[in-house]
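What follows is a short report on a single structure.
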Amino acid sequence: MEKMYQKDINLIKDKAVKAAKNLDSVGVFRMFGSDILKRGNQTYVQCPNPDCGASAKSRDCSVGTTGLWHCFACKSGGGAPQAYHLLTGLTWLESCITLAYQVGAISDNEYNDLTKGSASVKDKLNSDTLVYQQFDEAKSIESVAVKAPTDRLDLVYRHLIRMPQMALNDEGYKHLLQRGLTSQEIMEEEYFSYDMEFSTKELLKSIQSEKPDFVADDFSGVPGFYFLFKNETNGWWVFTAPCPHSVGIPLRDSYGRIIALQMRNLRARKKDAKYFYLSSLTRNDKRGKTGYGCSTGTPAAISFPKGDIVSPICYIGEGHFKMKEIAKEGVVAISIQGINSYNSVADEVKQMMSCETVIEKSQNCRDHTLGFCIVFDSDMYHKYEVVTSCISLAAYLKVKFGYERDVSVMIWKPEYGKGYDDYKSYCIEHGLDYRENFLRISSSDYKKVADEGIKIAKKRYLELYPGERQYTQKEEFRKILFDEIYVKRMSKLL
């Protein structure tokens, strides 16, 4: 074997390390048969650190979209090489070389030169391993934190919304009554407001009364919390104060755990968003003054009826309050917080199917064949983006649950109201049966009507305004689309 100089070893080593660090650590966890749970754009696994004190069944280790992992229990983390190192017992650098070889980043000869060389080669190989490894571990705790596991979100949010400073104010209470909620429903759902500032030390003390080993750094990965630096290394955790004139909405999964907090701005101006998540992603300051904030992602919340589930059809629509209203009809309703925010729906449905609450409430249901009904607002007749989102959601459900799965779309006359809650109120006010004055059509029939309407509307609009761009946002185009979809086609069905 030819003598290898330090520069030759470094070239191969650098190539191997670069290739290994670019790998997604999920692939490593999957390689070793780790229990992987996918929720939206977040992945949760069992921690690879043998010294981690977490339960063998827990998934306190989160893998972010960058492929880096971080354990909320033992605080270890890193990339694919660090995971491989902990799972195999190889050194960190040996893990890099092995992974790079497995993916073809280094050749057979290069692999043999590094692993089967003389003692002097191995000494040169490990000369600066620690520097590489420390850099890899540090990457897992960059200024943007990965989202914490659901159990931790629920723990923090439960204690947060029960703080005296988060009590629902009069303005919020009146708003909820106007929406048709009863005092009992308002109390059960734990809606809240934010009127007074408080120290996270108070919240920490409350959480520790339930979970004594919870420490301040466990706020990392909880949307709404971020770290305020006093200097380069020290500081304290801060809560992102939401809009004061708003109603807070706890969004829950099928087990009743709070997965996110949404706010309804009661004094939104024309350009303001009415609804927004409690998030701290924007609190990550490039100047190094704040960091470790986290995004909520795109959660899908579950609403169950008070009594039995009478139908295996899951209703999916935009908005917490609308889906709560639908759930009263004895069905499971899933609220997405935006017409394109449905990427976590499949994960929630799959989890829901094994939930004891669903099994118990479904015992008297005659049919147990899972199906879906999309409930978007009546602007699905004329807003191009809503029409296409409805078609996309139907396609997503078919891909995730099988093309033979029943997926339908709920429609009603637009003059009956924009959203389902408006539609129901209109029917009751005018002496109509809201259970009879809508229609469920198959998603394929809706797509056929919508595609034809869009095609004709585009052609007609461009004949009137040749060369026009961004025409789908134009009021004239929406009027033509409404004529083509509703007036000429859907109205005949209704």
Side-chain angles (χ1 to χ4, degrees), residues 12-52 54-112 114-115 125 129-142 144-150 220-221 294-295 297-298 343-344 346-348 350-351 396 399-400:
I12 304 173
K13 183 166 65 173
D14 288 347
K15 185 161 60 171
V17 169
K18 182 179 179 181
K21 289 200 300 185
N22 284 334
L23 295 175
D24 189 336
S25 56
V26 172
V28 173
F29 290 115
R30 189 171 284 117
M31 189 188 305
F32 288 88
S34 297
D35 191 11
I36 298 173
L37 174 65
K38 184 78 174 174
R39 293 178 68 84
N41 60 358
Q42 291 287 326
T43 303
Y44 298 98
V45 297
Q46 293 165 303
C47 180
N49 183 2
D51 297 323
C52 180
S55 164
K57 293 183 179 180
S58 68
R59 300 185 186 92
D60 278 339
C61 185
S62 173
V63 184
T65 54
T66 59
L68 300 171
W69 62 275
H70 175 75
C71 179
F72 290 87
C74 69
K75 312 303 180 189
S76 61
Q82 182 70 358
Y84 198 88
H85 155 60
L86 292 169
L87 288 165
T88 62
L90 294 175
T91 68
W92 184 86
L93 191 55
E94 287 171 341
S95 299
C96 284
I97 294 167
T98 305
L99 286 170
Y101 177 62
Q102 288 176 354
V103 299
I106 59 174
S107 66
D108 290 347
N109 289 337
E110 290 172 325
Y111 177 72
N112 290 331
L114 293 182
T115 58
L125 178 65
T129 296
L130 189 59
V131 175
Y132 281 112
Q133 184 173 353
Q134 286 176 337
F135 177 75
D136 184 58
E137 290 173 332
K139 280 181 67 182
S140 73
I141 50 171
E142 290 176 313
V144 179
V146 291
K147 192 175 176 181
T150 302
S220 175
C294 183
S295 168
T298 56
N343 287 334
S344 58
D347 297 322
E348 286 297 337
K350 289 173 183 176
Q351 175 182 266
Y396 163 87
V399 169
K400 293 292 185 180

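For the single chain, residues carry numbers from 1 onward in sequence order. Computed from a predicted structure; not experimentally measured.
Looking only at distances, no side-chain donor or acceptor of Ser34 sits under 3.5 Å from a matching main-chain atom of Ile36. The backbone N or O of Ala346 lies less than 3.5 Å from a partner atom in the side chain of Tyr396, making a donor-acceptor pair. Judged purely by atom type and a 3.5 angstrom limit, Tyr44 uses its side chain to pair as donor or acceptor with the backbone of Ala148.
When all heavy atoms of Pro81 and Cys96 are compared, the closest pair comes out as CB-SG, 3.5 Å. Of all heavy-atom pairs between Ala80 and Val28, the closest is CB-CG2, 3.8 Å. Taking both residues in full, the closest heavy atoms of Pro48 and Ala83 are given as CB-O, 4.2 Å, listed atom of the first, atom of the second, then distance.
No more than 12 heavy atoms of other residues, nucleotides or ligands lie within 6.0 Å of NZ in Lys18, so this atom counts as exposed by the packing criterion.
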For this session: Evaluate the criterion side chain to side chain contact (heavy atoms under 4.5 Å, CB included) for residue pair Val63 and Asp24; output intermediate values, then yes/no.
Result: CA-CA 9 Å; Val63 184; Asp24 189 336; 4.1 Å; yes
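Taking CE from Met31 and CG from Leu99, the interatomic distance works out to 6.0 Å, rounded to the nearest 0.5 Å. Once rounded to the nearest 0.5 Å, the distance linking CD1 of Ile12 with OH of Tyr111 reads 13.0 Å. To the nearest 0.5 Å, atoms OG1 (Thr150) and CD (Gln351) are separated by 7.0 Å. Note that NE2 of His85 is 11.5 Å distant from CG of Leu93, once rounded to the nearest 0.5 Å. To the nearest 0.5 Å, the span separating OG1 on Thr91 from OH on Tyr84 amounts to 11.5 Å. We find the NZ-CG distance between Lys400 and Asn343 to be 8.0 Å, quoted to the nearest 0.5 Å.
Note: Trp69 and Phe29 have perpendicular aromatic rings, judged against thresholds of 30 and 60 degrees for the angle between ring planes.
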